[in-house]
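Working notes, structure below.
Since we're looking at a predicted model, the values are computed, not measured. Below, chain A is the first sequence line, B the second, and so on; all start at residue 1.
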Amino acid sequence: GESVGLHLPTLSVQEGDNSIINCAYSNSASDYFIWYKQESGKGPQFIIDIRSNMDKRQGQRVTVLLNKTVKHLSLQIAATQPGDSAVYFCAVRPSGYSTLTFGKGTMLLVSP
Amino acid sequence: DAGVIQSPRHEVTEMGQEVTLRCKPISGHDYLFWYRQTMMRGLELLIYFNNNVPIDDSGMPEDRFSAKMPNASFSTLKIQPSEPRDSAVYFCASSKTGASSYGYTFGSGTRLTVV
(Lines give C-alpha, C1' and ligand atoms only; values in the text may rest on other atoms or scores of the structure.)
Protein backbone atom coordinates (compact mmCIF):
# COMPACT_ATOMS: atom_id res chain seq x y z
CA GLY A 1 0.00 0.00 0.00
CA GLU A 2 0.87 3.65 -0.10
CA SER A 3 2.36 5.35 2.91
CA VAL A 4 2.58 9.07 3.15
CA GLY A 5 4.57 10.95 5.74
CA LEU A 6 5.14 14.52 6.77
CA HIS A 7 8.40 15.93 8.03
CA LEU A 8 7.04 18.47 10.54
CA PRO A 9 3.88 18.15 12.61
CA THR A 10 3.73 21.90 13.41
CA LEU A 11 5.06 24.91 11.53
CA SER A 12 4.97 28.36 13.12
CA VAL A 13 5.54 31.43 10.94
CA GLN A 14 5.05 35.17 11.08
CA GLU A 15 2.44 36.88 8.94
CA GLY A 16 3.99 37.83 5.62
CA ASP A 17 6.56 35.04 5.66
CA ASN A 18 6.63 32.32 3.04
CA SER A 19 5.68 28.86 4.34
CA ILE A 20 6.87 25.51 3.07
CA ILE A 21 5.15 22.28 4.04
CA ASN A 22 6.73 19.01 3.00
CA CYS A 23 5.47 15.53 2.28
CA ALA A 24 7.19 12.26 1.42
CA TYR A 25 5.50 9.34 -0.31
CA SER A 26 6.65 5.79 -0.87
CA ASN A 27 5.09 4.48 -4.07
CA SER A 28 7.03 5.62 -7.11
CA ALA A 29 4.07 4.63 -9.31
CA SER A 30 1.88 7.34 -7.77
CA ASP A 31 0.51 9.58 -10.46
CA TYR A 32 -1.55 12.25 -8.76
CA PHE A 33 -0.98 14.45 -5.74
CA ILE A 34 -3.19 16.89 -3.87
CA TRP A 35 -2.86 19.33 -1.04
CA TYR A 36 -5.80 19.88 1.27
CA LYS A 37 -6.39 22.49 3.95
CA GLN A 38 -8.47 21.67 7.01
CA GLU A 39 -9.66 24.42 9.32
CA SER A 40 -10.93 23.65 12.79
CA GLY A 41 -14.36 22.04 12.73
CA LYS A 42 -14.44 21.67 8.97
CA GLY A 43 -13.72 19.02 6.40
CA PRO A 44 -10.55 19.05 4.28
CA GLN A 45 -10.72 21.54 1.43
CA PHE A 46 -8.93 21.12 -1.90
CA ILE A 47 -6.11 23.62 -2.45
CA ILE A 48 -4.08 22.51 -5.44
CA ASP A 49 -3.14 19.36 -7.31
CA ILE A 50 -0.38 18.17 -9.58
CA ARG A 51 0.04 15.20 -11.87
CA SER A 52 3.18 13.12 -12.11
CA ASN A 53 4.05 14.50 -15.56
CA MET A 54 4.66 17.91 -14.00
CA ASP A 55 7.15 19.12 -11.41
CA LYS A 56 5.61 22.47 -10.52
CA ARG A 57 2.21 24.03 -10.48
CA GLN A 58 1.15 27.44 -9.25
CA GLY A 59 -2.10 28.74 -7.89
CA GLN A 60 -3.08 31.87 -6.08
CA ARG A 61 -0.30 32.38 -3.48
CA VAL A 62 0.38 28.63 -3.49
CA THR A 63 2.87 26.53 -5.40
CA VAL A 64 3.22 22.76 -5.36
CA LEU A 65 6.56 21.19 -6.23
CA LEU A 66 6.97 17.54 -7.06
CA ASN A 67 10.30 15.73 -7.01
CA LYS A 68 9.67 12.22 -8.27
CA THR A 69 13.31 11.24 -7.95
CA VAL A 70 13.19 11.45 -4.18
CA LYS A 71 9.41 10.99 -3.89
CA HIS A 72 8.89 14.34 -2.27
CA LEU A 73 6.09 16.89 -2.49
CA SER A 74 5.99 20.39 -1.07
CA LEU A 75 3.45 23.17 -0.70
CA GLN A 76 4.69 26.74 -0.69
CA ILE A 77 2.45 29.51 0.57
CA ALA A 78 3.55 33.03 -0.26
CA ALA A 79 2.95 35.95 2.10
CA THR A 80 1.30 33.73 4.69
CA GLN A 81 -1.75 35.24 6.37
CA PRO A 82 -3.47 34.44 9.68
CA GLY A 83 -6.31 32.91 7.66
CA ASP A 84 -3.85 30.32 6.38
CA SER A 85 -3.62 28.83 9.87
CA ALA A 86 -4.93 25.28 9.50
CA VAL A 87 -3.80 21.67 9.14
CA TYR A 88 -2.46 20.83 5.70
CA PHE A 89 -2.60 17.33 4.27
CA CYS A 90 -0.95 15.87 1.25
CA ALA A 91 -2.79 13.07 -0.53
CA VAL A 92 -1.45 10.64 -3.07
CA ARG A 93 -3.15 8.47 -5.64
CA PRO A 94 -1.29 5.33 -6.64
CA SER A 95 -1.51 4.69 -10.36
CA GLY A 96 -4.51 2.54 -11.25
CA TYR A 97 -6.29 3.16 -7.97
CA SER A 98 -9.45 5.16 -7.39
CA THR A 99 -8.60 6.22 -3.86
CA LEU A 100 -6.32 8.73 -2.21
CA THR A 101 -4.02 8.03 0.71
CA PHE A 102 -3.65 10.95 3.10
CA GLY A 103 -0.67 12.01 5.18
CA LYS A 104 -1.11 12.71 8.89
CA GLY A 105 -1.09 16.48 8.43
CA THR A 106 1.02 19.51 9.35
CA MET A 107 -0.42 22.27 11.48
CA LEU A 108 0.48 25.73 10.23
CA LEU A 109 0.31 28.50 12.82
CA VAL A 110 0.55 32.06 11.57
CA SER A 111 1.27 34.82 14.06
CA PRO A 112 0.22 38.40 13.27
CA ASP B 1 -24.29 23.44 -5.19
CA ALA B 2 -24.68 22.80 -1.46
CA GLY B 3 -21.68 20.52 -1.38
CA VAL B 4 -21.52 17.23 0.49
CA ILE B 5 -24.02 17.27 3.34
CA GLN B 6 -23.55 15.20 6.47
CA SER B 7 -25.81 14.75 9.45
CA PRO B 8 -25.77 14.99 12.33
CA ARG B 9 -22.86 17.37 12.96
CA HIS B 10 -22.41 16.05 16.47
CA GLU B 11 -23.52 12.81 18.05
CA VAL B 12 -23.08 11.74 21.65
CA THR B 13 -24.21 8.26 22.49
CA GLU B 14 -23.76 5.63 25.14
CA MET B 15 -21.68 2.55 24.62
CA GLY B 16 -23.74 -0.24 23.12
CA GLN B 17 -26.15 2.02 21.27
CA GLU B 18 -26.63 2.04 17.53
CA VAL B 19 -25.35 5.08 15.67
CA THR B 20 -26.29 6.06 12.11
CA LEU B 21 -24.39 8.71 10.20
CA ARG B 22 -25.83 10.15 7.00
CA CYS B 23 -24.38 11.63 3.84
CA LYS B 24 -25.74 13.30 0.73
CA PRO B 25 -23.06 13.53 -1.97
CA ILE B 26 -22.84 16.21 -4.62
CA SER B 27 -25.34 15.61 -7.40
CA GLY B 28 -23.71 13.92 -10.36
CA HIS B 29 -20.79 12.52 -8.40
CA ASP B 30 -20.42 8.77 -8.86
CA TYR B 31 -17.90 8.03 -6.11
CA LEU B 32 -18.64 8.24 -2.40
CA PHE B 33 -16.09 7.72 0.36
CA TRP B 34 -16.37 7.34 4.12
CA TYR B 35 -13.32 8.37 6.16
CA ARG B 36 -12.63 8.38 9.88
CA GLN B 37 -10.29 10.95 11.41
CA THR B 38 -8.51 10.66 14.74
CA MET B 39 -5.45 12.37 16.15
CA MET B 40 -3.55 9.12 16.36
CA ARG B 41 -4.38 7.62 12.96
CA GLY B 42 -5.23 10.63 10.81
CA LEU B 43 -7.67 10.13 7.93
CA GLU B 44 -8.50 6.48 7.34
CA LEU B 45 -10.57 5.25 4.43
CA LEU B 46 -13.34 3.00 5.69
CA ILE B 47 -15.26 2.16 2.53
CA TYR B 48 -16.04 3.60 -0.86
CA PHE B 49 -18.81 3.22 -3.43
CA ASN B 50 -18.90 3.65 -7.17
CA ASN B 51 -22.33 4.09 -8.74
CA ASN B 52 -23.90 3.04 -5.41
CA VAL B 53 -21.98 -0.25 -5.33
CA PRO B 54 -19.48 -0.89 -2.49
CA ILE B 55 -16.08 -1.38 -4.08
CA ASP B 56 -13.69 -1.73 -1.16
CA ASP B 57 -14.68 -2.12 2.48
CA SER B 58 -11.33 -3.39 3.70
CA GLY B 59 -10.96 -0.32 5.90
CA MET B 60 -14.08 -1.06 7.93
CA PRO B 61 -12.64 -1.90 11.33
CA GLU B 62 -15.08 -4.56 12.46
CA ASP B 63 -18.39 -6.19 11.72
CA ARG B 64 -19.96 -3.61 13.99
CA PHE B 65 -19.54 -1.17 11.10
CA SER B 66 -21.75 -1.27 8.02
CA ALA B 67 -22.43 1.14 5.18
CA LYS B 68 -25.11 1.37 2.54
CA MET B 69 -25.84 3.49 -0.47
CA PRO B 70 -29.44 2.79 -1.54
CA ASN B 71 -29.36 5.49 -4.23
CA ALA B 72 -27.07 8.06 -5.81
CA SER B 73 -28.04 10.78 -3.37
CA PHE B 74 -27.80 9.07 0.01
CA SER B 75 -25.48 6.92 2.06
CA THR B 76 -25.39 5.76 5.67
CA LEU B 77 -22.65 4.50 7.95
CA LYS B 78 -23.93 2.50 10.88
CA ILE B 79 -22.14 1.36 14.01
CA GLN B 80 -23.88 -1.27 16.11
CA PRO B 81 -23.04 -1.62 18.94
CA SER B 82 -20.95 1.49 19.43
CA GLU B 83 -17.84 1.52 21.64
CA PRO B 84 -15.81 4.38 23.15
CA ARG B 85 -12.94 3.68 20.75
CA ASP B 86 -15.26 4.56 17.87
CA SER B 87 -15.14 8.20 19.00
CA ALA B 88 -13.79 10.18 16.05
CA VAL B 89 -14.83 12.56 13.30
CA TYR B 90 -16.40 10.74 10.37
CA PHE B 91 -16.20 12.36 6.96
CA CYS B 92 -18.07 11.62 3.80
CA ALA B 93 -16.58 12.72 0.48
CA SER B 94 -17.61 12.45 -3.15
CA SER B 95 -15.97 12.76 -6.53
CA LYS B 96 -16.82 12.47 -10.20
CA THR B 97 -15.27 10.29 -12.88
CA GLY B 98 -13.92 12.33 -15.72
CA ALA B 99 -13.62 15.53 -13.75
CA SER B 100 -10.51 17.62 -14.30
CA SER B 101 -9.40 16.77 -10.80
CA TYR B 102 -9.34 13.46 -8.97
CA GLY B 103 -9.78 15.34 -5.72
CA TYR B 104 -12.60 14.66 -3.36
CA THR B 105 -15.11 17.14 -1.97
CA PHE B 106 -15.54 16.54 1.73
CA GLY B 107 -18.52 17.19 3.96
CA SER B 108 -18.18 18.99 7.27
CA GLY B 109 -18.05 15.73 9.18
CA THR B 110 -19.89 14.14 12.08
CA ARG B 111 -18.14 14.29 15.42
CA LEU B 112 -19.05 11.08 17.26
CA THR B 113 -18.51 10.69 20.98
CA VAL B 114 -19.28 7.35 22.58
CA VAL B 115 -19.37 7.45 26.38
Side-chain angles (χ1 to χ4, degrees), chain A residues 1-10 21 23-25 27 29-54 57 59 62 64 66 73 75 86-107, chain B residues 1-10 21 23-26 29-51 53-60 88-111:
Chain A
E2 181 64 58
S3 67
V4 182
L6 288 163
H7 296 298
L8 293 173
T10 303
I21 301 171
C23 177
Y25 62 96
N27 188 340
S30 298
D31 63 358
Y32 183 70
F33 309 84
I34 305 178
W35 282 100
Y36 281 89
K37 173 185 180 183
Q38 186 177 23
E39 297 175 281
S40 180
K42 298 183 180 180
Q45 181 181 14
F46 175 95
I47 301 173
I48 191 169
D49 60 357
I50 189 169
R51 299 177 190 272
S52 59
N53 61 353
M54 303 171 67
R57 191 171 188 213
V62 295
V64 56
L66 174 63
L73 186 70
L75 176 70
V87 177
Y88 290 80
F89 295 91
C90 66
V92 175
R93 190 188 81 146
S95 180
Y97 283 75
S98 301
T99 60
L100 299 171
T101 299
F102 286 80
K104 294 252 188 312
T106 292
M107 178 171 286
Chain B
D1 198 320
V4 176
I5 300 173
Q6 291 187 246
S7 64
R9 286 299 311 275
H10 302 275
L21 311 181
C23 175
K24 176 179 169 55
I26 292 175
H29 281 197
D30 55 340
Y31 280 89
L32 184 140
F33 307 85
W34 282 101
Y35 278 84
R36 178 171 67 177
Q37 185 177 41
T38 61
M39 288 296 292
M40 290 299 295
R41 302 171 72 92
L43 275 163
E44 300 175 278
L45 177 65
L46 300 177
I47 184 171
Y48 78 97
F49 296 82
N50 179 221
N51 292 320
V53 176
I55 302 301
D56 183 354
D57 66 354
S58 60
M60 297 286 260
V89 181
Y90 291 81
F91 287 103
C92 175
S94 69
S95 68
K96 181 177 180 179
T97 301
S100 59
S101 163
Y102 294 114
Y104 307 162
T105 302
F106 282 82
S108 297
T110 295
R111 179 174 295 277

Is the shortest heavy-atom distance from the side chain of Phe91(B) to the side chain of Pro44(A) under 4.5 Å?
-> yes

NZ of Lys104(A) to CE of Met39(B), rounded to nearest 0.5 Å, is 11.5 Å

Residue pairs, two or more places apart or on separate chains, that pass side chain to side chain donor-acceptor pair (under 3.5 Å) and touch residues 36-47 of chain A | Gln38(A)-Gln37(B)

Specify which of Cys92(B), Ala93(B), Gly103(B), Gly109(B) makes the most heavy-atom pairs with chain A at under 4.5 Å.
-> Gly103(B)

Applying salt bridge (charged side-chain N to carboxylate O under 4.0 Å, His left out) to Arg111(B) and not counting sequence neighbours gives none

Which atoms of Tyr104(B) approach chain A - backbone, side chain, both or neither, heavy atom under 4.5 Å = both

Contact origin within Leu100(A) toward chain B - heavy atom pairs under 4.5 Å | both

